[in-house]
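Note that ligands are numbered from 1 as they come in the structure, with each ligand's atoms numbered from 1 the same way.
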Amino acid sequence: MDGSHAASRLRIVLGHLGCPSAVVAHPTSGALPLTSFHPQQFQYTLDNNVLSLEQRKFYEENGFLVIKNLVSDADIERFRNEFERICKQEVKPLGLSIMKDVTIVKSEYALSEKVVTKIQDFQEDEELFRYCTLPEILKYVECFTGPNIMAMHTMLINKPPDSGKKTSRHPLHQDLHYFPFRPSNGIVCAWTAMERIDRNNGCLVVLPGTHKGTLKPHDYPQWEGGVNIMFHGIQDYDKNNAHVHLVMEKGDTVFFHPLLIHGSGQNKTQGFRKAISCHFASSDSHYIDVKGTSQENIEKEIVALAKKLHGIEDVSLQDFWRFRARLVKGERTNL
Ligand SMILES: CCCCCCCCCC(=O)SCCNC(=O)CCNC(=O)[C@H](O)C(C)(C)COP(=O)(O)OP(=O)(O)OC[C@H]1O[C@@H](n2cnc3c(N)ncnc32)[C@H](O)[C@@H]1OP(=O)(O)O
Ligand SMILES: Nc1ncnc2c1ncn2[C@@H]1O[C@H](COP(=O)(O)OP(=O)(O)OP(=O)(O)O)[C@@H](O)[C@H]1O
Ligand SMILES: O=C(O)CCC(=O)C(=O)O
Ligand SMILES: [Fe+2]
Ligand SMILES: [Mg+2]
């Protein structure tokens, strides 16, 4: 790093500290004890004046950041209502998929809020897609993606009361396993609690710092009671890594890196635990071919399912993503 670059980095850091006298000090003048002002090398966040230095350092170190009370009760109420309308089939948004829990998928229950474990790909549902365009969400997303922002994958998760077979758990995984685009640092998930979520109803569990590692091989966990379709997990993660249970209140939102290892526990309550989420990526990213990589298994599974259910042939994982991706800010440059 040359001297002027280092100096500008230093100004950025000191600027965040709200420390005007330090900003004017030249890094080589010896006016400040520079040993205590190492210019920061940020890798996972972009320069901006949204995150405090403390928040930025937290994400760099841990791979996630919780923002309390970010989404209003009024908005959450609207998402809840629209989810109910979808479950009652009063609306049928194009491209949306409805997933039931593995323990009941073969039974004859009529579609209702009580049999849906999650809906995905609500990009054509104007009411739910509002979540992905909320300025308070995008303000934070931009700190990770930069100004050209695509909504790549949308979900509303309705974790059901566990049937006793522990299938309401989501095994520990990295979301990048599902994504054929890079760079990983330009991707971020926003996940908002639609009610209080704690260990009773199955909160997110994260392994802090694991975003600094690589993408691990994923496969179905060997769970006695069964496992939901496409819920791949990591077989060999560091069991000694800290596990943090994210207890969140309604409207709290966590932003996390796609390499962060996370999962969620079983829902031991009688309520349906709800969260809404979107994975965003910089539109300047590029698609990759996952053939010959650890992601090949999920590509094969998705392609096979598309063929079986919809008779679609000769599509790559990339095609699925190109089709569902929506621009939410800036320009659609590449993805
Ligand atoms: C697609 C890309 C996923 C990207 C994920 C991004 C990263 C986030 C990480 C995750 O969320 S991991 C889990 C993400 N994946 C999913 O949520 C699965 C995507 N969902 C779907 O593809 C459809 O919703 C699904 C196939 C599950 C249901 O579609 P349909 O309602 O059209 O099909 P149907 O109900 O007829 O079921 C089709 C087959 O799947 C089976 N099935 C459905 N739900 C299941 C379930 N929950 N567990 C096991 N099998 C299940 C079902 O029994 C049936 O098998 P058979 O052909 O043998 O009869
Ligand atoms: N055998 C397993 N393989 C992979 N992931 C697992 C396994 N058992 C549990 N998990 C996942 O590990 C994560 C953490 O589980 P952990 O037991 O620490 O917490 P929890 O189940 O969420 O909470 P609690 O233990 O309080 O019920 C959850 O995401 C869970 O789905
Ligand atoms: O349980 C949840 O809400 C999170 C699930 C999850 O991590 C995912 O779908 O990728
Ligand atoms: Fe995930
Ligand atoms: Mg547990």
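By the 4.0 Å heavy-atom criterion, Lys268 is counted among the residues contacting ligand 2. In this structure, Gly233 does not count as a contact residue of ligand 2, since none of its heavy atoms falls inside 4.0 Å of the ligand. Residue His245 places a heavy atom under 4.0 Å from ligand 2.
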Passes side-chain contact (heavy atoms from CB on, under 4.5 Å), Tyr287 versus Leu335? Steps please.
CA-CA 7 Å; Tyr287 289 103; Leu335 279 187; 3.6 Å; yes
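Heavy-atom proximity to Ser264, at under 4.0 Å, picks out these atoms of ligand 2: 28 (C), 29 (O), 30 (C), 31 (O). Ligand-side atoms of ligand 2 in range of Arg169: 8 (N), 9 (C), 31 (O), range being under 4.0 angstrom from any heavy atom. Interface of Ser264 with ligand 3, defined as ligand atoms under 4.0 Å from a residue heavy atom, comprises 1 (O), 2 (C). Each of the atoms 23 (O), 24 (P), 25 (O), 26 (O) of ligand 2 lies under 4.0 Å from some heavy atom of Arg199. Interface of His262 with ligand 3, defined as ligand atoms under 4.0 Å from a residue heavy atom, comprises 7 (O). Heavy-atom proximity to Gly263, at under 4.0 Å, picks out these atoms of ligand 2: 29 (O). When each atom of ligand 3 is checked for a heavy atom of Trp191 under 4.0 Å away, the hits are 2 (C), 3 (O), 4 (C). Within ligand 2, the atoms closer than 4.0 Å to a non-hydrogen atom of His170 are 29 (O), 30 (C), 31 (O), numbered from 1 in the order shown. Heavy-atom contacts of His173 reach the following atoms of ligand 3: 6 (C), 7 (O), 8 (C), 10 (O) (cutoff under 4.0 Å).
When the heavy-atom distances from atom 4 (C) of ligand 3 to Leu156, Asp175, Leu204 are ranked, the shortest goes to Leu204. Distances from atom 2 (C) of ligand 3 to the heavy atoms of Arg169, Arg273, His153 show the closest one on Arg273. Distances from atom 5 (C) of ligand 3 to the heavy atoms of His170, Met155, Lys118, His177 show the closest one on His170.
For Phe122 and Tyr131, the gap between ring centers reaches or exceeds 6.0 Å. Ring centers of Phe255 and Tyr140: under 6.0 Å apart, within the cut-off.
The NE2 atom of His173 and the NE2 atom of His262 meet at the Fe ion (ligand 4) at an angle of about 90°, given to 10°.
With a 4.0 Å cut-off on non-hydrogen atoms, Val205 touches ligand 2 through its side chain and not its backbone.
The aromatic rings of His170 and Phe231 sit parallel to each other, their planes meeting at less than 30°, with 60° as the upper class boundary. The aromatic rings of His232 and His177 lie tilted to each other, with the angle between the two planes from 30° to 60°.
Between the side chain of Gln120 and the backbone N or O of Ile98, no donor-acceptor pair lies under 3.5 Å.
You'll find the side chain of Leu96 stays beyond 4.5 Å of the side chain of Glu124, heavy atoms only.
For Glu301 and Tyr220, the side-chain atoms include at least one donor-acceptor pair closer than 3.5 Å.
Within Asp175, OD1 is the N, O or S atom that lies nearest to the Fe ion (ligand 4).
A salt bridge links Arg196 and Glu249; the closest N-O separation between the charged side-chain nitrogens and carboxylate oxygens is under 4.0 Å.
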